[in-house]
A.B. asks: 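The following block contains the structure, expressed as structure tokens.
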Amino acid sequence: MSNVTFDADGITLERVREYVWEIPPEGDMRAPARVFASEALLEEIKEDKTLEQIKNTTHLPGITNYAICMPDGHQGYGFPVGGVGAIDAEDGCISPGSVGYDINCGVRMMRTNLTYDDLQGREEELVDSLFTNIPSGLGGGGIVESGVDTVEEILERGVDWALENGHAVEGDLLHCEDEGVRAGADADKISQKAKDRGKNQIGSLGSGNHFLEVQRVTDVFDEEVGAAFGLEKDQIVVLIHCGSRGLGHQTCNDYLRKIEQQHQGLLDQLPDKELAAAPAGSQLAEDYYGAMNAAINFAWVNRQLIMHRTRQVFERVFDRPWEEMEMELLYDVAHNIAKKETHTVGGEDRELYVHRKGATRAFPAGHPDVPNAYRDVGQPVIIPGSMGAGSYVLRGGENSMDLTFGSTAHGAGRLMSRTQAKNEYWGGDVQDALEEQDRIYVKAQSGATIAEEAPGVYKDVDEVVRISDALGIGDKVARTFPICNIKG
DNA sequence: ATGTAC
């Protein structure tokens, strides 16, 4: 190890090699922590509690190799956003606090065969129609509003339910992780209260950083992989970012309370109560895993319904069938989950609960869990930037299994809190500037949400992606730029 | 992120 260090106000990071930093174990840390970032990003990461939080996560029993902070890391609830914790599934634990409140928050991208020329002049009509037809904002109102029995079916059957009920086509399932149905989902482990919160939110965007964006492809960096993903310059694509709404939030809350009641001993060992975990093999660990998998299915159906409704909006605006516009799902990535996966650790295969909170699975070419359509090039990874900066499509890099348990970053990462953002920006001004300077059309339920999500509150997504690419954990394939954005 | 309630 070289002797280059980075001093982050009391926490010293040792440089392992370019863009890889390590916090060596001290006190009750069970493993080192690693931060994958440039010095420029570290300067931002050190400004909040991220580094302290990534140190704290190494106290979780069963933490394997090292806890990971991605280049977009920032402070979260207990476990940092942009964090990966691979934890032994036999002797370790599963941590609802480390998955977070928005179970299976994630992004999906839909292709079209439209070009920017087809869309110019129609932006306002399109953004208005999307905003009118896709439920957004806090509280209830979904594309489907139904009873608890429907929620239960969705929880266990995932996108299969959407297919059977006319909200999906076969190809949608083939281009989603787990073909849109998470195994091991147990609706009985989701509380009545959570189901009640979910029943009128099936197909709804929510609020905060969730959005639907129409974008154009500005760059294809890798022609071969770009072709495999069906992406080319000037093409219109749609990006959808949302999660499991009140149902997932309630589920996280329910299990945090159960841990306080049943596993106070483990809780007492942790430096931060927000890392709450259930011991592997306990009834509660099994129950949470069943519930979390069910909430994952709910979030997939949520994104599916929003995508399918978007097809119908495009049909009306462009006056032709969506099939003719080739509006096909490219891929759906979950970035707030824990998943039982087999990884090679010190030469032997181990079952691990891989916690990815604000981190994206990024399996390389050839991995059996990559869908057939992309098996030869690697799993698509979608990294949204801000509504002013645009987003990236990557593919799982060949070093991801060795370095990061098959993971990479998930976004640009916040630079400042929501409260701070509202002091810095006024929503209306942000909206006007985006339209006048960049011809980006934004429509939101409240001006406060636009202020909270102003481009200036995010880190530089180009720098985040540059590091992922340089490390070979997620390789750059294409870049997009926003045209229309709707949000809560 | 999230039904500005337990």
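Chain naming here is simple, since letters A, B, ... match the order of the sequence lines and numbering starts at 1 in each. Below, all heavy atoms of this structure are taken into account, side chains as well, without hydrogens, waters or symmetry copies.
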A.B. asks: Side-chain polar contacts of residues 68-75 of chain A - donor-acceptor pairs under 3.5 angstrom, sequence neighbours left out - could you list them?
C.D. replies:
| from | atom 1 | to | atom 2 | distance (Å) |
| --- | --- | --- | --- | --- |
| Asp72(A) | OD2 | His410(A) | N | 2.9 |
| Asp72(A) | OD2 | His410(A) | ND1 | 2.6 |
| Asp72(A) | OD2 | Gly411(A) | N | 3.0 |
| Gln75(A) | OE1 | Lys49(A) | N | 3.1 |

A.B. asks: Just N and O in the side chain of Arg197(A): are any of them under 4.0 Å from OP1 or OP2 of dT2(B)?
C.D. replies: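 Looking at the OP1 and OP2 atoms of dT2(B), neither is under 4.0 Å from any side-chain N or O of Arg197(A).
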A.B. asks: Does Lys199(A) pair with Asp196(A) as a salt bridge, N-O distance under 4.0 Å?
C.D. replies: yes
A.B. asks: Taking distance alone, no hydrogens or angles, what donor-acceptor pairs closer than 3.5 Å link side-chain atoms of residues 140-148 of chain A to residues at least two apart or in another chain?
C.D. replies:
| from | atom 1 | to | atom 2 | distance (Å) |
| --- | --- | --- | --- | --- |
| Glu145(A) | OE2 | Gly142(A) | N | 3.0 |
| Ser146(A) | OG | Thr150(A) | OG1 | 2.7 |

A.B. asks: What do the steps show when you test Tyr19(A) against Arg466(A) for side-chain hydrogen bond (donor to acceptor under 3.5 Å, both in side chains), and what is the final call?
C.D. replies: CA-CA 11 Å; Tyr19(A) 309 137; Arg466(A) 186 178 74 82; 2.9 Å; yes
A.B. asks: Where do N or O atoms of nucleotides 4-6 of chain B meet protein N or O atoms at under 3.5 Å, pair by pair?
C.D. replies:
none

A.B. asks: Is any side-chain N of the basic residue among Glu341(A) and Arg361(A) closer than 4.0 Å to the acidic one's carboxylate O?
C.D. replies: no
A.B. asks: Under 30°, 30 to 60°, or over 60°: which ring-plane class applies to Phe36(A) and Tyr66(A), parallel, tilted or perpendicular?
C.D. replies: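 Geometry flag for Tyr66(A) against Phe36(A): tilted rings.
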A.B. asks: Describe the nucleic acid contact of Ser207(A) in one word from base, sugar-phosphate, nothing, applying a heavy-atom distance below 4.0 Å.
C.D. replies: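 Sugar-phosphate: the residue Ser207(A), judged by heavy atoms under 4.0 Å, touches backbone atoms but no base.
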A.B. asks: Would you kindly give the CG-to-P distance between Leu247(A) and dT2(B), to the nearest whole Å?
C.D. replies: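 After rounding, the gap between these two atoms is 12 Å.
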A.B. asks: Looking across every strand, which nucleic acid part, if any, lies under 4.0 Å from Gly243(A) by heavy atom: base, sugar-phosphate, or nothing?
C.D. replies: nothing
A.B. asks: Using atom CG of Leu256(A) as one end and atom P of dT2(B) as the other, report the distance to the nearest whole Å.
C.D. replies: 16 Å
